[in-house]
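Following: one structure in structure tokens, then a few remarks.
Just so it is clear, the values below take in all heavy atoms, side chains as well, and ignore hydrogens, waters and symmetry mates.
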Amino acid sequence: MSNRTKTNEFDCVVIGAGHAGVEAAHAATRIGAKTCLITISKDTIAKMSCNPAIGGLAKGQIVREVDALGGLMGLAIDATGIQFRLLNRSKGPAVQAPRAQADKYKYKDYIRTQLEQTANLTIVEAIVTQIVTEKNNVRAVRCRDGRIYNAPTVILTTGTFLRGLMHIGTQQFAGGRLGEPAANELSDSLRQLGLELGRLKTGTPARLDAATADLDKLDVQLGDERPVPFSFMTERIDRPQVPCWITYTNEKIHKLIRDNLHRAPLYSGQITSTGPRYCPSIETKIVRFADKKRHQVFLEPEDEEKTTIYCNGISTSLPKDVQEQMLKLLGGTENARIVHYGYAIEYDYCLPIQLKPNLETRKVSGLFLAGQINGTSGYEEAAGQGIVAGINAAGKLQGKEPLILGRDQAYIGVMIDDLLTKGLDEPYRMFTSRAEYRLLLRADNADRRLTQVGKSAGLVDEKRWAKFQKKIENINTLKSYLKNNRSGGISLWDQLRQPGNILAGTIAENPDVKNMDLAEDVYQAVIIDAKYEGYLAKQERLVAGFRALENKKIPADLDYNSIAHLRAEAKEKLSVFRPSTFGQASRISGITPADITVVQIHLKKNNDRVI
């Protein structure tokens, strides 16, 4: 990388300091790039503009993966979480996932402190209006106040700010988030660069003054007695936890909403873009599930002092007076004061099929995109893209091969591959069902999958690496002991594999094992490996077959229209999606095995250009 000494000269500029931007800036800087992080306000770095929670099904796995690579999110939630729960505890480890409520103020303060303590990272308050390029290469970014920051790589993590338009009833006002301006000029700049933009919608519920809510009469949801940390570097979490509360909508609320649908932007025609189907507004729930008598609502504290309450389950853009009436009819909130009203927001995003697998745009060299600008939703999905974009931007400057995580390697890999091969017509959210190899992609083994990857990228520090190596050594020691010691003629390892065997619950009490002084995560890793050994071996065989196709690259400049016998639909789709491998090509909707064969034969005949 260049030795940049001027105050406006950088190796990498990151635009936006949300959950994608902070991971991107942290990763790029730690790997060696002199980085500038540009945000509208330092006070909104890592702001939790929606639910102040981290993790959940599939999302918790992503947080563990970000942590294993050397990112910040896992450490931040462990330090600032106020309630921790392991979801699906009664089910198998492939679908178990950690989730935690955060103190949203402490969370963003933690991230900001970490960034401010990161050497070679400069944080600037500004609004970027233009990406400056030369011959389709990034050269700089220009800000609204005229400042210019030069860099050969730029990472865009703009969240909902691109031409953001907010809705509360018939009210419409420009903004990227409540109380923050939209970024209209930057949208125009991206279009001028030849990028195709679309429009999406998301929303959020009202926040309440907790002191005015009657929570004592509601069902309480407590955290786990023994919280499971997110970060592999966190030994334990032993501070007191804050409860959440459960309430329900009712027929009176449903009638109120039905009577006012003509005033709801989603149904009046005021909002024209698509929102998340898996996280519908309360008005959409009432319409879509008309037979349901009630819907569950979680009242979740937004900070440790329980100052405000997030009403999880009633996201809405209904008029203010309807929101007020609805809360008066909801058990526990009859007298609650609204701190700020729920709203919907429409925003621009870049169609992700315009990206390379390293999250760099195909049209502009050095321009990377991460987070909601790629059509995803969720803090975790954003963080996963952010850390990959940061690693690849810094790696590009160092002349390294791009980091491309496979579908068999990480949920992050599944997500990025989905974005590149499936396109989207609604905000993308990660589910365990999206991962065909989810038994391999568990929350508990993210460090074993990705710490070496983070180390190779230059992001994992020596402290983490030493801790990881010690864990692997202990796992191997325990496995060796179990395989080489027998009871009743059967090895302890084979006993552990048997369904319903009690050894899993007593292994730590074995005198020999006790003397090994092993951590709880070592026991769990060995127990899971033993119990699922056969299934894991079968899935590994499937992965081996998958890799054969995945490793065959397709030339980036291949002219699909020149391929004889390739169907017209296949020519059109392959030309649009531009898959980088035959594996990616096979996952594009409408592409058949026969199409893949035709392309392979064509390349074989033309000097075998398949790498």
### Query
Nearest heavy-atom pair of Pro181 and Phe161: which atoms, and what distance?
O-CD2, 3.1 Å
### Message
Check Glu134 with Arg139, please: is the shortest side-chain N to carboxylate O separation under 4.0 Å?
### Response
yes
### Query
Salt bridge or not for Lys47 and Glu180, using N-O below 4.0 Å?
yes
### Query
Roughly how far, to the nearest 0.5 Å, is the CG atom of Leu351 from the CG atom of Leu369?
11.0 Å
### Task
Using a cut-off of 6.0 Å, state whether more than 12 heavy atoms not belonging to Glu305 lie near its atom CD.
yes
### Message
Is it true that Ser365 and Lys135 share a donor-acceptor pair across their side chains at a distance under 3.5 Å?
### Response
no
### Query
Is Lys106 salt-bridged to Asp303, going by a charged N under 4.0 Å from an acidic O?
no
### Task
Establish, from distance only, whether the side-chain atoms of His167 and Gln270 form a donor-acceptor pair under 3.5 Å.
yes
### Query
Ion pair present between Asp11 and Lys34, side-chain N to carboxylate O less than 4.0 angstrom?
no
### Query
Do Thr451 and Asp447 meet the criterion of a side-chain donor-acceptor pair at a distance under 3.5 Å?
no
### Query
Does a salt bridge link Arg587 with Glu550, judged by any charged N lying under 4.0 Å from a carboxylate O?
yes
### Query
Do the charged groups of Arg429 and Glu381 touch, with an N to O distance under 4.0 Å?
no
### Query
How far apart are the C-alpha atoms of Glu300 and Arg99, what are their side-chain angles, what is the distance that settles it, and do they pass the salt bridge (charged side-chain N to carboxylate O under 4.0 Å, His left out) test?
CA-CA 13 Å; Glu300 301 170 334; Arg99 182 187 187 274; 3.5 Å; yes
### Query
Just checking, is any N or O donor in the side chain of Ser41 or Thr44 under 3.5 Å from an acceptor N or O on the other one?
no
### Query
With a 3.5 Å cut-off and no angle check, do the side chains of Ser273 and Glu346 form a donor-acceptor pair?
yes
#### Entry: Side-chain H-bond candidate by donor/acceptor type, Thr274 with Asp425, under 3.5 Å
no
#### Entry: Closest non-hydrogen atom pair between Ile77 and Phe84, with its separation
O-CZ, 3.5 Å
### Query
With no hydrogens and no angle check, do the side chains of Asn374 and Gln385 hold a donor and an acceptor under 3.5 Å apart?
yes
### Task
Check whether more than 12 heavy atoms from other residues, nucleotides or ligands sit under 6.0 Å from atom NZ of Lys42, and answer yes or no.
yes
#### Entry: Ring-face cation of Arg464 near Phe232 (centre distance under 6.0 Å, axis angle within 45°)
no
### Message
Regarding Asp103 and Lys108, does a basic nitrogen lie under 4.0 Å from an acidic carboxylate oxygen?
### Response
no
### Query
Do the side chain of Asp417 and the main chain of Arg407 share a donor and acceptor less than 3.5 angstrom apart?
no
### Task
Would you verify whether the NZ or CZ of Arg434 falls within 45 degrees of the ring axis of Tyr428 while also being under 6.0 Å from that six-membered ring's centre?
yes
### Task
Tell me yes or no: between the side chains of Thr160 and Gln372, is some donor less than 3.5 Å from an acceptor?
no
### Query
Between Tyr149 and Arg147, do the side chains contain an N or O donor and an N or O acceptor separated by less than 3.5 Å?
yes
